[in-house]
**Q** 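Attaching a single structure in structure tokens format; questions to follow.
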Amino acid sequence: MNAATFSALAEPNRVNILELLRDFGELTVGEIAQRLGLRMPQSSKHLHVLANAGLVNVKADANRRIYSIRQESFEEMDQWFESFIREKEEQFNRFEELLIKKQATEKRNE
Amino acid sequence: MSRTNIVAEKGTQDVVISRIFNAPRELVFNTYTDPTTVPEWWGPKRYKTTVDKMDVKKGGIWRFIHRDGEGNEYAFNGVYHEVVSPERIINTFEVEGYPDFIGLVTINFEELSDGKTKFIEKTVYQSVEGRDGMIKAGMSEGAIELLDRLEELLDSIQNV
């Protein structure tokens, strides 16, 4: 897990940008600036940080730069968060197996 | 995606763990309170769990023991304060040797419309520090290290 990811996420405007990209898929710097009421240079700066942290992809289309979410980094974060609850999860999975076994036994005895 | 939901809001003393089981409420409750099945599911798999005491009624005592591969033992105990079959259990939770961090546990078994049951366990510790300590202790070693790193990182961000 890369700590830079969290430091990139620790700024509210950058979280807003990611949420916009999640909802719209792809947006240009201008569109992002407009929707969030930011100035263009400010948006560019934030997008630069997000790109460096591996959170967004950028592709060039003539002189426009189009941004989108880079899914891999979110999957990585998700796995990282999951690791915190794995043990509890494993315990409940075993409990559920037991419930399924019991249900099967009850059915046979009916 | 995990099916177990754990919420421990920053600065509070509680931890809420919930999960939906695909079984009717009575079965979930009966299985949960059956001492013969506890060794099969309670605690992390790497420990062998035995039930020393489990008297599921008001005033009854429970005590479970974990044994690891090297023969070390860790015991947990508590008292049942309320047992309402098949809806609710209220009990205390103590890791033996750490009586400063006793938790008060309320478990609700909610009946869902489609034969499923929502299990909701809320534990309130005596302090925020106690709660945070229990969370760290309950996690695998790697996760503790990561959590510490996250904590350091958040501190450094806040101090900028």
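Every chain is numbered from 1 and lettered A, B, ... according to where its sequence line falls, protein lines coming before strand lines.
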**Q** Where on A/Glu90 is there a heavy atom nearer than 4.5 Å to chain B: the side chain, the backbone, both, or neither?
**A**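 Answer is side chain: those atoms of A/Glu90 sit under 4.5 Å from chain B.
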**Q** Under 4.5 Å heavy-atom distance to chain A, tell me which part of B/Tyr32 shows up: side chain, backbone, both or neither.
**A**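 Contact with chain A: backbone and side chain both.
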**Q** Measure from NZ or CZ of A/Arg35 to the centre of the six-membered ring of A/Phe24 and say whether it is under 6.0 Å with the direction within 45° of the ring axis.
**A**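 A/Arg35 over A/Phe24 ring: yes.
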**Q** Does a salt bridge link A/Glu87 with B/Arg46, judged by any charged N lying under 4.0 Å from a carboxylate O?
**A**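 Judged by the 4.0 Å cut-off on N to carboxylate O distance, A/Glu87 and B/Arg46 do form a salt bridge.
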**Q** Could you check whether atom NZ of B/Lys118 has more than 12 heavy atoms from other residues, nucleotides or ligands sitting under 6.0 Å from it?
**A**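 It does not: B/Lys118 NZ has 12 such atoms or fewer within range.
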**Q** Quick check on B/Glu26: does its CD atom have over 12 non-hydrogen neighbours (other residues, nucleotides or ligands) under 6.0 Å away?
**A**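 Atom CD in B/Glu26 is not crowded, with 12 or fewer foreign heavy atoms closer than 6.0 Å.
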**Q** I need the residue from B/Asn22, B/Ile6, B/Leu27 with the largest number of non-hydrogen atom pairs under 4.5 Å to chain A.
**A**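 Between B/Asn22, B/Ile6, B/Leu27, the count favours B/Leu27.
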**Q** Where does A/Glu97 contact chain B at under 4.5 Å (heavy atoms): side chain, backbone, both or neither?
**A**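 Neither part; nothing is under 4.5 Å.
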